[in-house]
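In what follows, chains are A, B, ... by sequence order, proteins preceding strands, each numbered from 1.
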Protein chains: 2
Amino acid sequence: MTGPVPAATVARLPGYLRALDELAERGVETTSSEELATMTGVGPAQLRRDLSWLGSNGVRGVGYEVLRLRGRVAEALGVGADQPVVIVGIGHLGHALAGYLRSEGSTYRVAALVDADPDVVGTTVAGLVVEHDRHLAEVVRREGAVLAVLATPVGVAQEVCDRLVEAGVRGILAFTPVALRVPQGVTVRSSDVASELQILGFHTRLPPPR
Amino acid sequence: MTGPVPAATVARLPGYLRALDELAERGVETTSSEELATMTGVGPAQLRRDLSWLGSNGVRGVGYEVLRLRGRVAEALGVGADQPVVIVGIGHLGHALAGYLRSEGSTYRVAALVDADPDVVGTTVAGLVVEHDRHLAEVVRREGAVLAVLATPVGVAQEVCDRLVEAGVRGILAFTPVALRVPQGVTVRSSDVASELQILGFHTRLPPPR
DNA sequence: AGTTGTGAATCGATTCACAGCC
DNA sequence: GGCTGTGAATCGATTCACAACT
């Protein structure tokens, strides 16, 4: 039932949203837990349990109405609400992310790009002029940024993180291998390529156990 | 005890490895579950339970010897074993990842870069000449690539994934929002910026519940 | 005295299986 | 007849708390 949605469920919602978008695009009006489950690679029971946290969205004996369900999932994720994003650290990675998040189809509004390197500040990246790190707090407040993408070198990550939080950011996506400390009420997700490869490396250490 | 290491534990090992590297660099010879736990943001009990899956690595009443423990964790993750990586899709993101994984300090050997765009094929990126997608299988076999990074457009991700697996890749890190289907024995981890922002968006939908 | 390693307890997430509804 | 929503059962992961050991 509707209530505190489990973290594991939240992590799967974006996958459901994408599957629903694809169905909508194909003009499909009604779907089933079976179909959605195979599209997203989870079990049908899990899918039904996940959706039930968002309330009752289907019709017994019939299935789910694609557009209605899409709306519920999007609403839960805050997709459509305006949540401006600031990207800090415009190296190769920050550059790539800026381009990706400003390409057509992206539902996020990248409000500003920030970097500390004087050679980068003032250049135009993905249609935005890079601003100086010195003005970070000011930029966050000016744009009302709620989310931030952190793509700085590891050494300054915690410090930048602190300033983002201080300026009012409530969610941070960090591309660093270090655990960032944040106060209650702020959410951090970290994703680091090297760490991910190490996790894969664990499974590929040995020849297939078949 | 030593045995089938839980997936949740494996996902934390890279963090422990990094913390141990930092201690080693600072010349610290001995540490405790308390210290490692605060460095990595987990609880001391969890840290001890995690490490116990790799065997008995500490000394009661004393703590853990940094270098010895580092060795055990690195070994478990296959760090140090030569696991060549192929990067497929040399757009902005693939370019950034190639640079990152070939920078000093990286323990991974990027063996080849592959793309389908004739304007990109033949160019030099991060010191490597980009090869044509047509030769993907050949490149994987030639280099003995065990791991692959998938940074192609969504539309071709599953197809490229199939060919990577067919050619012998055993672990795939995919930067796409779709669930990739792979046979038993192959591991996939997916990380997509838009999905991550949506997950953060869930938590920031509402004003702080303080 | 101090810290690990681990049984036992707890908490959370997944799966089963079916009652409830169209 | 068919598919959802959900109690009950299962499985897995975290935390507690202490015995084992230096």
Any side-chain N or O of B:S56 less than 4.0 Å from the OP1 or OP2 oxygen of C:dG5? yes
Is the phosphate of C:dT4 approached by B:S33 (side-chain N or O, under 4.0 Å from OP1 or OP2)? yes
Does B:D50 reach the side chain of B:Y16, with side-chain heavy atoms less than 4.5 Å apart? yes
Rounded to whole angstroms, how far apart are CG on A:L47 and C1' on D:dC3? 13 Å
Gap between atoms OH and C1', on A:Y64 and D:dC3 respectively (whole Å): 8 Å
Rounded interatomic separation in angstrom, taking CD from B:E35 and P from C:dG2: 17 Å
Can you give one letter per nucleotide of nucleotides 16-22 of chain D, 5' to 3': B if a protein heavy atom sits under 4.0 Å from the base, S if only from the sugar-phosphate, - if neither? BB-BBBS
Taking CG from B:L54 and C1' from C:dT6, how many angstroms apart are they, rounded to a whole number? 15 Å
Return the residues of residues 4-22 of chain B meeting this criterion: a heavy atom under 4.0 Å from some atom of DNA chain D. Order them by number, or give none. B:P6, B:A7, B:A8, B:R12
Do the side chains of B:L173 and B:F175 get nearer than 4.5 Å, heavy atoms only? yes
Has the side chain of A:R189 got a donor or acceptor atom that lies under 3.5 Å from a matching backbone atom of B:E196? no
Please determine if A:E22 and A:R26 form a salt bridge, counting it only when a charged side-chain N lies under 4.0 Å from a carboxylate O. yes
Main-chain N/O of A:S191 paired with A:S195 side-chain donor or acceptor, under 3.5 Å: no
What is the distance, rounded to the nearest whole Å, between atom CH2 of B:W53 and atom C1' of C:dT6? 10 Å
Need one value for B:G43: base, sugar-phosphate or nothing, where a base atom within 4.0 Å counts as base even if backbone is also close, heavy atoms only. nothing
Would you call A:E159-A:R163 a salt bridge at under 4.0 Å N-O? yes
Expressed in angstrom and rounded to an integer, what is the separation of B:Q46 atom CD from C:dT4 atom P? 15 Å
Any ion pair linking A:R72 and A:E75 (charged N to carboxylate O, less than 4.0 Å)? yes
Integer-rounded Å distance: C:dT4 C1' and B:L51 CG: 10 Å
With a 3.5 Å distance limit and no angle check, can you tell me whether A:Y108 reaches the backbone of B:Q198 through a side-chain donor-acceptor pair? yes
When the distance from CG of A:D50 to P of D:dT6 is rounded to whole Å, what number comes out? 13 Å
Short question: side chain of B:R170, backbone of B:G185 - any donor-acceptor pair under 3.5 Å? yes
